[in-house]
There are 4 protein chains.
Amino acid sequence: MPSKTFLNLSEEKRNKIIEAALNEFSLNDYNSASINNIVKVADISKGSMYQYFDNKKSLYLYLLELASEKKLNYISENIDIKSDKIFNLIKKMHLVGAKFDLTNPKYSMLIINAINETTNDELDNISSKLKEKSDQFFNKYIQEGQRNNLIRNDLDDELLSFLISRFSMVLIEYVSKKYNFTYLDLIKKGENKLPLPEKELEKILKQFITVFKDGFKV
Amino acid sequence: MPSKTFLNLSEEKRNKIIEAALNEFSLNDYNSASINNIVKVADISKGSMYQYFDNKKSLYLYLLELASEKKLNYISENIDIKSDKIFNLIKKMHLVGAKFDLTNPKYSMLIINAINETTNDELDNISSKLKEKSDQFFNKYIQEGQRNNLIRNDLDDELLSFLISRFSMVLIEYVSKKYNFTYLDLIKKGENKLPLPEKELEKILKQFITVFKDGFKV
Amino acid sequence: MPSKTFLNLSEEKRNKIIEAALNEFSLNDYNSASINNIVKVADISKGSMYQYFDNKKSLYLYLLELASEKKLNYISENIDIKSDKIFNLIKKMHLVGAKFDLTNPKYSMLIINAINETTNDELDNISSKLKEKSDQFFNKYIQEGQRNNLIRNDLDDELLSFLISRFSMVLIEYVSKKYNFTYLDLIKKGENKLPLPEKELEKILKQFITVFKDGFKV
Amino acid sequence: MPSKTFLNLSEEKRNKIIEAALNEFSLNDYNSASINNIVKVADISKGSMYQYFDNKKSLYLYLLELASEKKLNYISENIDIKSDKIFNLIKKMHLVGAKFDLTNPKYSMLIINAINETTNDELDNISSKLKEKSDQFFNKYIQEGQRNNLIRNDLDDELLSFLISRFSMVLIEYVSKKYNFTYLDLIKKGENKLPLPEKELEKILKQFITVFKDGFKV
DNA sequence: CATGAATGAGGCTTCATTCAT
DNA sequence: TATGAATGAAGCCTCATTCAT
């Protein structure tokens, strides 16, 4: 979505722009985010911004793509898809995903905000698309689990992947509630460090997986 | 939150205003919703609107209260809290909740939008408050279930209620995905009728409950 | 300026309205003062206010008249015009005037604000009129002093009365600066009590009179 | 306070805007002055104005600074501080100040209006600040006069400078009263020319100084 | 005589985008 | 390629006043 001009920019300048835009779009929803603010913070002219990106939407979608790519890369770099049993695999996916979110709160928040953009016509259902993508990602593993008789077959695979997918989206919310911090704090502080010991994160995930595997009942 | 002036209005006029505002706030997030639009549709002057409500926020919170009240009333009228076993009770709650959402899509969408207002400082964390309230509502039943040894005690009750609570928020999303309609359609058409047979709704819920009760595993 | 209706009101109600209006007009200049606010605080309907007074200006001028009258009464009650020598008389006038201002800050502030209304066409030069009135009041005494050879005759009597008159308008400002309080504080606290010992007020006035009588020079 | 954008404008355009704003703020108090009016007269779009200045206050403070600077420059260019005896110096200061006011009525009126802004919280006590500055300016000379035994030491130097300072603020008022013109006339006509012979101005000032030096008494 | 609902003009401000240089 | 000045629609909100009941 960005012009060649943008891609030819020095990395430093490009990053400054991305950083400024990321900040704005992670702290505001699409409509409330302001291009004016972004160019001010990035210290570039408005004309330049519109030479790099056709319009607000284009910039937004580019950032979103960047964030998605970054997250996917992080996950695929930190997980060994094949090695494990299904429930362990799912646990690891969530663990790695959560670690990405917590150490890249701006990117993560951007994606969350996009998922919340349910009413904005201008963005052609970006929210639905993102959710669908996530649902389908998990669906592969669910189906495989069912084929291997590790996951019960009397339940709709779409339902199961929907559940897993949605809960991957609120996991951080639970963690932050339990450990008393907010995304906003993480974003404002700057990032990089886990706000809780990894062991604790794993404990929570273990419980999550137990629920999904065995259910609530005694 | 509304002034006496508003409450003294003829019911017809009051409803026209509520309807117009509801429409705007269910189709747009808080910032994007426009008072100008609302007064145009309600066919009143801007000055009047501001004699009814102190400001945009006040109108919004009033609508939200209205919606919450309406939903709670609907649920308490359609459910017999005491009569049932825990998992049946939860199933019924969700069934009734879903029925409300599907037959009152504007009110429902308003609440959903409020839950998505995670970035708007002006609304003093309305999203968190709503979620917290829902979490605590379910927590009571979870704790009771644990006391009665119907729900396992080795899992954090907050985690379990968090899961149930969040699930109640996305249930309709799954239903609409499965039955190929969208909230927007329901809102635009006008309301009242379930867009799918109640039996089907129950079937879906039965599966959901099975998952929560027994888990994914074979 | 008020209607008979207003004058026939119970004293209590009338005072409530006056008090509310006084508050608004002492804390805001004419344009910024809001009838809406006044009726809200006075707890009467807008319709009533417009039955008591033709319009904003009419209410304002009424209050101003009230304040002027009150101040003049206070002064004439607390001073024995004839008994004294000219400079003593002037000193006493200022002392009494200052005491009125400090114990009736709302009325006083209203008058000060009116004197500051130099740009508002709507008020037909109320500021000039008030100043002129004050100038002429002092002019009588200056002329008499000159006739009696107590005040030098080589200086324009208008200039001298102008100086005395303007000084009377800023006296409180100096006092409040010297004694570290503000009109706003007095108004907000409620009134009645001198914020400094009367002796101190007299000391300041003694100096002032010395200046006017004998000048700066050694 | 203005943006670079504004400073980069052609002098012609910049002056047109300043002129329009000056007009509005000299003829109206802060609250009553209208940005809408200004942009209409200056023939620019509202959006442009807000690219030049952050907000109304910023524009206002810029004009005020401009006016203060212009007046100070005028005074320092037309007076030889060192050469004179104290009372002569004070007379000259007032003469030069009065000449500035009469030949730059818009700037002068703007400052006077600012001094009258006693009730507006938004302007953070601009009135007090301006007065204090003036008081302190004169205080230096009063203190020096006292050190050199030209001004009596039995009177509070703050009181003396307060008096001189306040009377510098009303001098023009007396002149215009005596010579039958108004600021408004000067502003509306355009400026530049003294509305009375300089000799006459000097005569008035001579009397003023006599009062301050020698007092009223025979 | 009291009420209070209705009004619409006008207030300040922000916005995404364009285009001549 | 970069710039930054220009725009005008739209945002929320306040106001003094009127008039039917």
Side-chain angles (χ1 to χ4, degrees), chain A residues 3-6 8-9 13 31-40 44-59 122, chain B residues 3-10 13 31-39 43-59 122, chain C residues 3-6 8-9 13 31-40 44-59 122, chain D residues 3-10 13 31-39 43-59 122:
Chain A
S3 67
K4 255 192 282 182
T5 315
F6 178 71
N8 287 337
L9 249 38
K13 186 166 183 181
N31 276 340
S32 305
S34 153
I35 294 282
N36 281 12
N37 262 1
I38 296 172
V39 299
K40 219 179 289 169
I44 60 171
S45 71
K46 276 188 217 179
S48 291
M49 181 59 100
Y50 277 86
Q51 223 154 16
Y52 304 151
F53 297 93
D54 280 350
N55 47 37
K56 191 182 182 180
K57 179 178 166 186
S58 166
L59 166 61
E122 193 184 345
Chain B
S3 68
K4 253 200 288 182
T5 310
F6 180 70
L7 300 173
N8 287 341
L9 252 38
S10 77
K13 186 162 186 182
N31 275 341
S32 306
S34 153
I35 294 282
N36 274 8
N37 266 359
I38 296 172
V39 300
D43 198 28
I44 59 172
S45 72
K46 240 179 283 189
S48 287
M49 181 57 103
Y50 279 89
Q51 262 191 326
Y52 305 151
F53 296 91
D54 278 350
N55 47 42
K56 189 183 184 180
K57 180 178 167 186
S58 168
L59 167 61
E122 194 184 342
Chain C
S3 69
K4 257 193 280 182
T5 314
F6 179 70
N8 288 336
L9 250 38
K13 187 165 183 183
N31 276 340
S32 305
S34 153
I35 294 283
N36 281 12
N37 263 1
I38 295 172
V39 300
K40 220 179 287 167
I44 60 172
S45 70
K46 276 188 217 179
S48 291
M49 182 58 101
Y50 276 87
Q51 224 156 14
Y52 304 149
F53 296 92
D54 280 351
N55 47 38
K56 190 182 184 180
K57 179 178 165 186
S58 167
L59 167 61
E122 193 183 344
Chain D
S3 68
K4 253 200 288 183
T5 310
F6 180 70
L7 300 173
N8 287 342
L9 251 37
S10 77
K13 186 164 187 179
N31 275 341
S32 306
S34 153
I35 294 281
N36 274 8
N37 265 0
I38 296 172
V39 299
D43 198 30
I44 59 172
S45 72
K46 243 179 282 194
S48 288
M49 182 58 101
Y50 279 87
Q51 263 191 325
Y52 304 151
F53 296 92
D54 278 349
N55 47 40
K56 189 183 184 179
K57 179 176 167 185
S58 169
L59 167 60
E122 194 184 342

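First the proteins, then the strands, lettered A, B, ... as listed; each starts at 1.
Rounded to an integer number of Å, the gap from N36(C) CG to dT18(F) C1' is 13 Å. Counting to the nearest Å, the P atom of dG11(F) and the CG atom of N37(B) are 6 Å from each other. Atom OH of Y50(D) and atom P of dA9(F) are 17 Å apart (whole Å). Rounded to an integer number of Å, the gap from M49(C) CE to dT3(E) C1' is 14 Å. Atom-to-atom, CZ of F53(C) to P of dT18(F) comes out at 16 Å; the value is rounded to the nearest Å. Counting to the nearest Å, the P atom of dC1(E) and the CG atom of N8(C) are 7 Å from each other. At whole-Å resolution of the value, CD1 in I35(B) and P in dT14(F) are 11 Å apart. Put simply, CD1 on I44(A) is 11 Å from P on dG4(F), counting in whole angstrom units.
Residue-level contact check: L9(B) touches the backbone only, with heavy atoms under 4.0 Å from sugar-phosphate atoms and none from bases. Counting any heavy atom pair closer than 4.0 Å across all strands shown, Y52(C) reaches sugar-phosphate atoms only and no base atom. When heavy atoms are screened at a 4.0 angstrom cut-off, S48(C) is found touching base atoms of the nucleic acid.
Under 4.0 angstrom from either OP1 or OP2 of dG4(E) there lies no side-chain N or O belonging to S45(C). In terms of phosphate contacts, S34(C) brings no side-chain nitrogen or oxygen within less than 4.0 Å of OP1 or OP2 of dT14(F).
Of all heavy-atom pairs spanning S45(C) and V39(C), the tightest one is O-CG1, 4.3 Å.
Rounding to the nearest 0.5 Å places NZ of K56(D) at 5.5 Å from CG of N31(D).
With dA16(F), dC1(E), dA2(F) as the candidates, the nucleotide lying closest to the side chain of K56(C) is dA16(F). Of the candidate nucleotides dT1(F), dA2(E), dC15(E), dT1(F) has the atom lying nearest to any side-chain atom of T5(A). Taking the side chain of K46(C) as heavy atoms from C-beta on, and the options dT13(E), dG4(E), dG8(F), the nearest nucleotide is dG4(E). In this structure, the nucleotide among dA16(E), dG11(F), dC1(E) sitting nearest to the side chain of Q51(C) is dC1(E).
Side-chain atoms of K46(D) never come within 3.5 Å of backbone atoms of I35(D) as a donor-acceptor pair (strictly under, hydrogens ignored). Between the side chain of S3(A) and the backbone N or O of Q51(A) there is at least one donor-acceptor pair closer than 3.5 Å. Using modelled atom types, one side-chain atom of K57(C) and one backbone atom of E122(C) make a donor-acceptor pair closer than 3.5 Å.
Take the nearest nucleotide of DNA chain F for S32(B) and for K13(D): the residue whose nucleotide is more 5' is K13(D).
Across all strands shown, dT17(F) forms a Watson-Crick or G-U wobble pair with dA6(E), both key distances being under 3.5 Å.
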